[in-house]
There are 2 protein chains.
Amino acid sequence: MKKQSLKEKLKKKEKACAFSLHRVSRFIQPSLLLFLLKKPSYGYELMENLRKTGFHEESIDIGAVYRTLRSLEKEGFVKSIWQRKKKRRKRIYKITSRGKALLRAWVKRIEERKKALERFIKFYQKRRQ
Amino acid sequence: MKKQSLKEKLKKKEKACAFSLHRVSRFIQPSLLLFLLKKPSYGYELMENLRKTGFHEESIDIGAVYRTLRSLEKEGFVKSIWQRKKKRRKRIYKITSRGKALLRAWVKRIEERKKALERFIKFYQKRRQ
DNA sequence: TAATCTTATATGTTTAAATCATATAATAAA
DNA sequence: TTTATTATATGATTTAAACATATAAGATTA
């Protein structure tokens, strides 16, 4: 169980400083939209992509992935159909034009965020004795 | 009431896409530690610094600032004393060595995070038609 | 001088989402 | 035939962000 051991390691790290440093904080949503921009996909595959790409340093909560997909669909940012033809049934998601617009907004935000992080690091390096 | 109007604007923006894009997500804590690394300070001043530096694009919740300071103190990352000599009583906070270590951990995390955001943006620009 | 604004600290309540846990079921592998 | 993997889903708990309000003293202004 690779997932469990990683979580335990993080938990230890967290206890050492009593403050959680490992929150994902709303990064699942834009990540899913980004993968879906590339090609239609389904929950399980998307979760594996999340693991591989390293947008999240920590283990992915599969429940969060499915819930986020459903809520994105409810708001019209993605659309799903059942695929039952092949060996396994899969709920295939496609990004909509509204979803693409949302992703653009996210990218803008993420660029701003990146700049803020850069400012933070610079500030730190300047003031550090 | 400048604060209020800003919040309302953000609320509208949020409603437009039904997903909140404006969360601060644990950035108050490292920001406070960073300011305190520079010099001892107090809640109100720290909040004003947060506004000015633009680490947070959005309005600062002053309640969160005070609560974060208290919790940092509870864990030994900062230490406070009351200053009553001047016109107003202020609770002056100083960063401790444990706090400095925590900030170092935060900076590492923030650097990682920055890289993740960069990867995200690159990925977006590549796959975008 | 009374009313309002700014500085200053603090906490109560609500809402959102992250985290943890578990359920189901079919196929693949041991 | 038992276990692992693929696949989707939701219940429960915990955390923190967001919103709201309280207090009080000094500064400003009407």
Side-chain angles (χ1 to χ4, degrees), chain A residues 1-4 6-8 10-11 14 18-32 41-51 56-75 80-93, chain B residues 1-4 6-8 10-11 13-15 18-29 31-32 41-51 56-74 80-93:
Chain A
M1 263 200 184
K2 209 182 160 190
K3 200 190 165 189
Q4 208 50 30
L6 216 160
K7 274 195 181 167
E8 270 160 37
L10 285 161
K11 220 168 210 171
E14 193 185 351
F19 281 95
S20 147
L21 296 172
H22 72 275
R23 279 246 177 150
V24 174
S25 60
R26 306 232 191 175
F27 210 61
I28 288 175
Q29 194 193 110
S31 304
L32 294 176
S41 184
Y42 55 98
Y44 198 82
E45 191 180 49
L46 289 163
M47 175 210 59
E48 287 187 318
N49 284 339
L50 279 169
R51 269 204 208 145
H56 308 256
E57 304 93 348
E58 47 284 315
S59 64
I60 305 303
D61 180 359
I62 182 64
V65 171
Y66 285 110
R67 250 190 280 250
T68 304
L69 286 169
R70 301 306 287 276
S71 87
L72 280 170
E73 181 160 36
K74 212 178 113 197
E75 305 289 332
S80 77
I81 44 155
W82 276 105
Q83 189 198 75
R84 279 196 195 78
K85 297 163 193 182
K86 300 191 180 177
K87 0 177 191 172
R88 287 171 194 283
R89 47 146 216 181
K90 289 167 191 171
R91 190 190 278 278
I92 308 283
Y93 286 90
Chain B
M1 265 195 184
K2 210 179 157 190
K3 200 193 164 187
Q4 209 47 32
L6 216 162
K7 273 196 182 168
E8 271 160 37
L10 285 163
K11 219 169 211 171
K13 196 179 169 187
E14 194 184 349
K15 256 188 191 149
F19 281 94
S20 149
L21 297 173
H22 72 275
R23 280 248 177 147
V24 175
S25 57
R26 308 234 190 170
F27 210 60
I28 288 174
Q29 194 192 111
S31 304
L32 294 176
S41 184
Y42 56 97
Y44 198 82
E45 192 179 49
L46 289 163
M47 175 209 61
E48 286 185 319
N49 284 339
L50 279 169
R51 269 204 208 142
H56 307 255
E57 305 93 348
E58 48 283 315
S59 64
I60 305 304
D61 181 357
I62 181 65
V65 171
Y66 285 109
R67 248 190 281 248
T68 305
L69 285 169
R70 301 306 288 276
S71 88
L72 280 169
E73 182 161 34
K74 213 179 112 199
S80 77
I81 44 153
W82 276 105
Q83 187 198 78
R84 280 195 193 79
K85 298 164 191 182
K86 300 194 177 173
K87 3 179 189 172
R88 288 170 191 285
R89 45 146 217 180
K90 290 167 190 172
R91 189 189 278 279
I92 308 284
Y93 286 91

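Below, chain A is the first sequence line, B the second, and so on; all start at residue 1.
The distance from atom CG of B/L72 to atom P of D/dA16 is 12 Å, rounded to the nearest whole Å. Here D/dT15 presents its C1' atom at 13 Å from NZ of B/K74, a figure rounded to the nearest Å. At whole-Å resolution of the value, CG in A/L69 and P in D/dA9 are 9 Å apart. Atom pair A/E75:CD and C/dA17:P shows a separation of 11 Å (rounding to whole Å applied). One can place CE of A/M47 at 14 Å from P of D/dA9, the figure rounded to the nearest angstrom. Regarding B/R84, its CZ atom lies at a distance of 13 Å from the C1' atom of D/dA25, rounded to whole Å.
Taking both residues in full, the closest heavy atoms of B/S41 and B/L46 are given as OG-CG, 3.6 Å, listed atom of the first, atom of the second, then distance.
Every residue meeting the side chain to side chain contact (heavy atoms under 4.5 Å, CB included) condition with A/R89, not counting sequence neighbours, appears here in chain and number order: A/W82, A/R84. Partners of A/I92 by side chain to side chain contact (heavy atoms under 4.5 Å, CB included), not counting sequence neighbours, listed by chain and number: A/P40, A/Y42, A/I81, A/Q83, A/K90. Remark: B/E45 pairs with B/K39 by the salt bridge (charged side-chain N to carboxylate O under 4.0 Å, His left out) rule, at least two apart or across chains. For A/Y66, the side chain to side chain contact (heavy atoms under 4.5 Å, CB included) test picks out A/Y44, A/I62, with sequence neighbours left out.
Between A/T68 atom OG1 and A/I28 atom CD1 the span is 5.0 Å, to the nearest 0.5 Å.
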Assign a letter to each nucleotide of nucleotides 4-14 of chain C from its 5' end: B, base within under 4.0 Å of a protein heavy atom; S, sugar-phosphate only; -, no contact. --BBBBBBB--

